[in-house]
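Below: one structure, written as structure tokens.
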Amino acid sequence: MKSLLHVEARGVTKSFGDHQVLTGVDFSVAPGEVSCIIGPSGSGKSTFLRCLNALEAYDAGTLVVDGKHVGYDYQNGKYYEWSTKQFAGFRSNLGMVFQRFNLFGHLTAEENVACALIEVRGINKSAAKKRALEELSKVGLSSHSHKRPHQLSGGQQQRVAIARALAMDPEIMLFDEPTSALDPELVDEVLDTMKKLAHNGMTMVVVTHEMGFAREVADTVHFFDGGSILESGTPENVLSNPSKDRTRAFLAKVL
Amino acid sequence: MAVRQTSRPTQLKGPDGRPAPVVKLRHVDRWLAGALAVAVFVWFAWTLSTNQNIRWTEVAAYLFFPKIISGIWNTLMISMAATVIGLLLGVLLAVMRLAHNPVLNWLSLLYIWFFRGTPVLVQLIFWYNLAFLFPHIAVRIPFTNIGYMWDTNQVMTGFTAALLGLGLNLAAYFAETVRAGIQAIDAGQSEAALALGMTPGTRMRKIVLPQALRIIIPPTGNEFISMLKTTSLVYVVAGNDLMTNASQIYKQNNLIMELLIVASLWYMVMTAIATFFQSKLEARFGTDAVRLVRNPGFVQKLFLRSGVVPTAPAPAKIEARDSVSAIGKELS
């Protein structure tokens with residue numbers, strides 16, 4: 001049964017030892033929707049995002065992404081755990097952008113983008129290179145294609161990371177605080193790239209502290225606190241007229 | 001590795017506005033300490049070189065003696081082959097050690113414990129005398145008689161015993177180096193690779209190992225240099241290496257000191273050459289940390305001055321420092 005929703009989470013929980021990070025997350029994203037997750041540090045936002053592409057395993061609940069029950073195949077009344085190949089295949093359809101960019105240090109910008117096309121998609125080298133250059137030019141970095149990550153600014157690195165994820169033609173893009181590690185003057189170039197992506201209809205889940213971005217681009221804003229979503233709604237509702245005191249207190253501090 | 005020179009001014013502008021010369025500070029203490037050290041060295045060299053009991057003509061005569069030259073050749077062969085065995089097996093052991101499979105994990109641990117826990121001399125003698133345990137070595141298809149059989153004593157010559165003993169021993173040490181190199185790579189690299197849909201194997205081969213090499217390669221030079229000299233232990237199993245051959249000669253003519261000097265000179269030459277290549281490796285892959293530990297030797301400087309300098313790209317340094325700080329973050 002394929003859901004119309006790209007992401008559907010029901011009562012997802014996760015513990016690290018004694019510490020329960022996710023206490024039951026209900027969350028959904030429709031195709032083409034841009035969903036921003038805000039909330040204080042340690043509230044489980046990033047952990048939840050990492051559960052979406054199975055970088056982190058969840059303990060209980062239901063999590064369906066891109067029509068697949070993350071981590072398991074349901075057959076004849078049993079859940080069969082995925083093999084490493086199934087995990088890899090699943091992740092290859094999801095794009096992820098990290099707070100600390102995580103570009104491959106030994107590869108040039110172009111090779112960073114082409115690498116997974118060659119190794120995962122099995123595309124030949126020249127075609128992969130061509131595609132990599134296309135994606136780099138879309139984020140405005142075609143003149144930097146032969147530079148190594150350490151020769152690029154933080155903002156440029158993050159744009160290469162976005163190009164790298166987009167080259168895989170993902171169904172959905174996950175952003176884990178993509179501008180938190182950037183110098184303030186470099187934040188806009190990355191946000192602009194993301195806005196362009198949103199306008200082109202990409203399904204996006206963005207964990208962020210950029211309230212301006214959330215207000216402008218998001219279809220839905222979710223406020224995370226204590227391991228679950230406390231409040232969801234349009235940016236107008238959540239950011240301007242929050243119904244919960246906790247949300248109001250948080251927004252008063254960050255705005 | 002550029003020699004840093006701080007240029008200091010020869011004159012400065014004086015209070016009256018006119019240039020005044022700068023008088024350099026005389027380091028009398030440095031000159032004294034240097035002179036004393038040279039005096040001790042010259043005395044030592046003099047007593048050694050004029051010692052009537054060392055026949056330097058014999059040293060010169062044996063320096064290029066055919067048996068010595070063939071010994072050098074064997075020493076190089078054993079060192080290189082044993083190092084290659086050690087490196088390949090070391091990477092395998094390190095990957096096993098880091099694998100999720102607990103069986104592989106424990107086997108690797110057991111191997112490392114065994115080969116680091118027993119003296120290499122014992123291992124060499126063990127391999128040489130393998131025939132006591134297994135008089136024949138056979139390779140055949142199970143449950144049939146199709147295959148080959150060898151006499152262990154013919155297979156396990158001094159040379160093969162040396163290869164196995166030294167190679168398997170190095171693997172145990174090298175596994176730890178590789179493991180450290182792999183673990184030093186930021187976990188974010190692995191996550192990014194997995195998030196792109198790479199399998200754990202592809203991630204290791206394409207993303208983690210190439211970057212770990214940067215950390216692993218410089219110590220391999222050290223391992224090889226140490227291996228050059230460790231091969232001298234091979235003389236207990238008659239490996240026909242430099243030390244074995246030298247000892248066979250002095251057992252006949254009793255020129256013990258002379259032949260030890262000959263062997264030492266050759267070991268020093270080989271070490272100097274290997275050190276030079278190691279400096280190239282370090283310039284290519286090394287981190288600042290490695291450079292701080294080991295400054296270039298005299299011979300290296302000689303080569304470096306003559307312009308055979310491997311150009312160390314400055315950006316690589318920055319990256320190395322980045323990764324060091326990344327490790328620091330991981331630990332904190």
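No hydrogens, no waters, no symmetry mates; every other heavy atom, side chains included, goes into these values. Computed from a prediction, not measured in an experiment: that's the story for all the values here.
Annotation for B:A195 and A:M96: closest pair CB-CB, 4.0 Å, computed over non-hydrogen atoms. Looking at every heavy atom in both residues, B:G188 comes nearest to A:N102 through O-ND2, 3.2 Å. The two atoms that bring A:F98 and B:A192 nearest to each other are CE1-CA, 3.6 Å, heavy atoms only.
Within the 4.5 angstrom heavy-atom criterion, only backbone atoms of A:L103 (N, CA, C, O) approach chain B. Neither the backbone nor the side chain of A:R121 has a heavy atom closer than 4.5 Å to any heavy atom of chain B. Only the backbone of A:L94 comes within contact range of chain B, judged by heavy atoms closer than 4.5 Å.
Atom CZ in A:F104 sits 8.0 Å away from atom CD in B:Q211 (nearest 0.5 Å). Residue A:N53 holds its CG atom at 9.0 Å from CG of B:L194, rounded to the nearest 0.5 Å.
When the shell of 6.0 Å around OH of A:Y80 is examined, it contains more than 12 heavy atoms from other residues, nucleotides or ligands. In the displayed structure, A:E81 atom CD is contacted under 6.0 Å by at most 12 heavy atoms of other residues, nucleotides or ligands. Atom NZ of A:K195 has more than 12 neighbouring heavy atoms from other residues, nucleotides or ligands inside a 6.0 Å radius.
Of the listed residues (A:A88, A:S92, A:A161), the one with the most heavy-atom contacts under 4.5 Å to chain B is A:A88.
Residue A:E119 is tested with B:T202, B:L196, B:T199 for a side-chain contact (heavy atoms from CB on, under 4.5 Å); the sole match is B:T202.
Side-chain atoms of A:H106 never come within 3.5 Å of backbone atoms of B:L209 as a donor-acceptor pair (strictly under, hydrogens ignored).
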Verdict with reasoning, B:K206 to A:I118, per side chain to side chain contact (heavy atoms under 4.5 Å, CB included): CA-CA 11 Å; B:K206 296 291 173 179; A:I118 298 164; over 6 Å; no

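Ion pairing of A:R50 with B:E191 is present here, as a side-chain N (NZ or NE/NH1/NH2) and a carboxylate O approach within less than 4.0 Å.
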